[in-house]
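Take a look at the structure set out below.
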Amino acid sequence: MDLSSLTEQDRMKMLQLLSEKQMKDTMRLYNSLVERCFTDCALDFTTRSLTSKEEQCINKCADKFFRHSARVGQRFQEQQVILMQQQQQGDQPAAAQQQQ
Amino acid sequence: MDLSSLTEQDRMKMLQLLSEKQMKDTMRLYNSLVERCFTDCALDFTTRSLTSKEEQCINKCADKFFRHSARVGQRFQEQQVILMQQQQQGDQPAAAQQQQ
Amino acid sequence: MDLSSLTEQDRMKMLQLLSEKQMKDTMRLYNSLVERCFTDCALDFTTRSLTSKEEQCINKCADKFFRHSARVGQRFQEQQVILMQQQQQGDQPAAAQQQQ
Amino acid sequence: HAQPPMSLMQQIAQQQASADALRQAEQEMEAMADVFNRMVDACFKKCIPSKYHESDLNKGESVCVDRCVAKYMDTHIKIGKKLQALGEQAQAIQEQQMQQAA
Amino acid sequence: HAQPPMSLMQQIAQQQASADALRQAEQEMEAMADVFNRMVDACFKKCIPSKYHESDLNKGESVCVDRCVAKYMDTHIKIGKKLQALGEQAQAIQEQQMQQAA
Amino acid sequence: HAQPPMSLMQQIAQQQASADALRQAEQEMEAMADVFNRMVDACFKKCIPSKYHESDLNKGESVCVDRCVAKYMDTHIKIGKKLQALGEQAQAIQEQQMQQAA
């Protein structure tokens, strides 16, 4: 991202945009998490409220997803750093340095 | 939603936005309905036009989805009203009043 | 699309919008292709790099998807032309002229 | 450079019409792209086995794709007519209710 | 028609507040629509067999849909509380770190 | 406070460049988020069985997730190169056609 050409006003807008984007991402995460854990855990439609078994499943599903998502985020960032270093070293093939 | 701070002009914009949003939602519903009913009903690719059996299936699929969607909408609204009442009564746990 | 009422300035904006839309579509195609070919081809998680078998699968998957997408695009355009002609001929039922 | 009021109003109205046409064109583009993308996905699932033995579309796959697009468009049109009929029905009920209320 | 500077500032502030409220309302509308659309999809998958024997929702399907909506909302609330607790936890850690750094 | 025309042009050009950079940054953020979200989904499907026996990622799941991210990024890069080659090929054909037309 080259932001050097931004005016002061657009720099402010950028920050606002970022926070809106973050808000939206959180919403999306929230809604997709609900959909996923509901789909995997709510299996009994003979009752109107969640059974304790379903509730436990939902709790574990959400916890596991948070941890999964955080781990993917960490690995993703590490890979980004490696990729940037490779690009600075003059575009060597990405695969070569990633073995095992 | 707190819209009390809206200027007259933005109130107009809000209405336009709402109608655009509605338009977009209708488009999304339309397109997702086509995808769903096509996927579930179009099963024979030895012909180029829909067989009468496929066509019947698509009709029922669309009808059923409309009715399903309307029912979910009703229940959703009812739940929203209950949730708001609970919030006004000072944030009692949501689950407690929803049993069976 | 009726663009006759566009001002010169909005005509320019339209072109910019189109190019941004194209950019976005390319990104979406790219990302969805990666997701699809990864899901179908990466099956072995005992290694950290893609096996040669997985890599071959990914190459074929991407090629096949491009060709598929291009073919759907061609057929889609042809159908659009037929539909427009039918509309100009006074809204005859679409199915009638599409048999086999 | 003084602008008579009427001409200014016209100018504003013209700019508004232009902005509206721009937004509508934008929406139509998006709707069309959405139809296309869903069709590509649906027909890929219907016609292309996920084994990927070769890079080309083979004869069977190609024929399947052509028929799939035709059937998808047909489904699109059929459901579109259903939606339209439903919209008209809803409007008729609304008008009836407004007449009864008057 | 000369505007004193302070009033102009106020006017700008008011317009900004209005634009912010508009954006927020827009986001809330979208979030709500997203919840609804996902619920419709999830409950369709849970309750409606893809055979489509008839156009109506039959008794069993209708009861299933009602329970599905209730359970979905319950899940929504439960996970919402989890997210909130997590957010507060993250904030507490951040504040602790800032105190240690100071 | 009179602005000479050239300076005004420059100012407009600068604002345009800034708005363009803003839009581009916005698009890049969205593209990155899209990659990440799809990766999270794909690796969840590959590595996490939907039984949810415990809240933690167990050893096997953790190792799988690490490898999954590495393979996903690899796939991303490989297909990116393919797309780039295809784009260059399309451009070459276009240029060839324009030369023939001239």
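Proteins get letters first, then strands, A, B, ... in listed order; numbering begins at 1 in each. Quantities reported herein were computed from a predicted structural model and do not represent experimental measurements.
- For the atom pair SG of Cys57(B) and NE2 of His53(E), the computed distance is 10.0 Å after rounding to the nearest 0.5 Å.
- The CD atom of Glu20(B) sits 9.0 Å away from atom CD of Glu26(E), with the distance rounded to the nearest 0.5 Å.
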Should Arg36(B) and Phe44(E) be marked as a side chain to side chain contact (heavy atoms under 4.5 Å, CB included) after you check the CA-CA gap, both sets of side-chain angles, and the distance that decides it?
CA-CA 11 Å; Arg36(B) 177 191 311 274; Phe44(E) 198 83; 3.2 Å; yes
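- The part of Glu61(E) that comes within reach of chain B is its side chain, from C-beta onward, which places non-hydrogen atoms under 4.5 angstrom from that chain.
- Looking only at side-chain heavy atoms (C-beta outward), Met73(E) and Gln80(B) come within less than 4.5 Å of each other.
- With a 6.0 Å radius and a threshold of 12 heavy atoms from other residues, nucleotides or ligands, Gln77(B) has its CD atom at or below the threshold.
- Between the side chain of Lys60(B) and the backbone N or O of Ser55(E), no donor-acceptor pair lies under 3.5 Å.
- The side-chain heavy atoms of Asp66(E) and Arg71(B), taken from C-beta on, include a pair separated by under 4.5 Å.
- The two residues Met14(B) and Ala25(E) come nearest to each other via the heavy atoms CE-CB, 3.7 Å.
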Could you go step by step and tell me if Tyr72(E) and Gln79(B) meet the side chain to side chain contact (heavy atoms under 4.5 Å, CB included) rule?
CA-CA 11 Å; Tyr72(E) 196 94; Gln79(B) 295 261 340; over 6 Å; no
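- Side-chain atoms of Lys64(B) never come within 3.5 Å of backbone atoms of Tyr52(E) as a donor-acceptor pair (strictly under, hydrogens ignored).
- There is no contact between Phe66(B) and chain E, counting heavy-atom distances below 4.5 Å.
- Chosen from Asp56(E), Val35(E), Ile48(E), the residue pairing most often with chain B at heavy-atom distances under 4.5 Å is Asp56(E).
- Residues Phe36(E) and Val72(B) approach most closely at CE1-CG1, 3.7 Å, considering heavy atoms.
- Contact annotation: the side chain of Leu22(E) approaches that of Leu17(B) to within less than 4.5 Å [non-hydrogen atoms, C-beta and beyond].
- Taking CG of Asp41(E) as the reference point, atom CZ of Phe65(B) lies at 6.0 Å (rounded to 0.5 Å).
- With a threshold of 4.5 angstrom between heavy atoms, Lys21(B) approaches chain E through side-chain atoms but not through N, CA, C or O.
- Contacts between Val40(E) and chain B at a heavy-atom distance below 4.5 Å involve backbone atoms as well as side-chain atoms.
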List the steps and the verdict of side chain to side chain contact (heavy atoms under 4.5 Å, CB included) for Arg67(B) and Ser62(E).
CA-CA 10 Å; Arg67(B) 281 161 201 182; Ser62(E) 303; over 6 Å; no
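- Within the 4.5 angstrom heavy-atom criterion, no atom of Cys37(B) approaches chain E.
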Side chain to side chain donor-acceptor pair (under 3.5 Å) between Asp40(B) and Ser50(E), worked out
CA-CA 6 Å; Asp40(B) 287 347; Ser50(E) 58; 4.6 Å; no
Side chain to side chain contact (heavy atoms under 4.5 Å, CB included) between Asn37(E) and Leu29(B): does it pass, once the steps are laid out?
CA-CA 9 Å; Asn37(E) 288 330; Leu29(B) 170 79; over 6 Å; no
